[in-house]
Amino acid sequence: DAVEIQPDLAWLSASVVESPVPTRDALLRFGARCRSADITLCIGGRSTTELDLPPDCGIHTHGTMVEFAEFVNAQFAVNAR
């Protein structure tokens, strides 16, 4: 029997974004698909602020890996036990 595996979290790095508007639009579409599949989408990197994501879009942005680690620990600590 085949076993389907689905992640709880998707992470994307936005270190360099050459076309912020089309990238933002694509990320918002991808974020909506992630939400409908109950997958948490996180984006981090130097160019994250260039994407100008709306605060209520459901995509979590992190300026540093420390912020990302704290978020993951807070969100998924219950599932890790």
Side-chain angles (χ1 to χ4, degrees):
D1 292 318
V3 176
E4 185 175 318
I5 299 173
Q6 176 178 309
D8 293 323
L9 175 89
W11 163 263
L12 294 171
S13 175
S15 295
V16 177
V17 177
E18 294 181 11
S19 304
V21 173
T23 301
R24 179 195 64 225
D25 294 345
L27 287 171
L28 290 172
R29 288 190 302 274
F30 181 61
R33 291 179 62 197
C34 287
R35 276 191 312 282
S36 69
D38 201 28
I39 299 170
T40 300
L41 177 58
C42 295
I43 299 175
R46 292 185 307 267
S47 296
T48 302
T49 56
E50 292 177 34
L51 296 171
D52 196 29
L53 294 166
D56 62 347
C57 70
I59 299 173
H60 304 273
T61 58
H62 305 280
T64 67
M65 290 305 291
V66 171
E67 289 177 14
F68 175 61
E70 289 171 352
F71 172 81
V72 170
N73 284 333
Q75 287 293 113
F76 298 101
V78 174
N79 293 334
R81 295 178 189 173

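For the numbers below, each heavy atom of this structure counts, side chains included, while hydrogens, waters and symmetry mates do not. This structure is a prediction, so every number in the text was calculated from the model and none was measured.
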Residues which pass side chain to side chain contact (heavy atoms under 4.5 Å, CB included) with A10, listed by chain and number, not counting sequence neighbours | I39, L41
In short, L27 meets I59 closest at the heavy-atom pair O-CD1, 3.5 Å
When every non-hydrogen atom of C42 is compared with those of H62, the smallest separation belongs to SG-NE2, 3.8 Å
L28 side chain reached by P54 side chain, heavy atoms, under 4.5 Å | yes
Can you list the residues that meet the side chain to side chain contact (heavy atoms under 4.5 Å, CB included) rule with T48, with sequence neighbours excluded?
-> A14, I43, T61
Please work out whether the ring planes of F76 and F71 are parallel, tilted or perpendicular, with thresholds of 30° and 60°.
-> perpendicular
With sequence neighbours excluded, tell me which residues meet side-chain hydrogen bond (donor to acceptor under 3.5 Å, both in side chains) with S15.
-> S13
For T64, all residues meeting side chain to side chain contact (heavy atoms under 4.5 Å, CB included), sequence neighbours excluded | V66, E67
Qualifying residues under side chain to side chain contact (heavy atoms under 4.5 Å, CB included), relative to E18, sequence neighbours excluded | V16
Which atom names give the shortest non-hydrogen contact between L53 and R24, and what distance separates them?
-> CD2-CG, 3.6 Å
Inter- and intrachain pairs under ring-ring contact (aromatic ring centres under 6.0 Å, His included), touching residues 7-29, at least two apart | W11-F68
How about R46: does its CZ atom have over 12 heavy atoms from other parts shown lying under 6.0 Å from it?
-> no
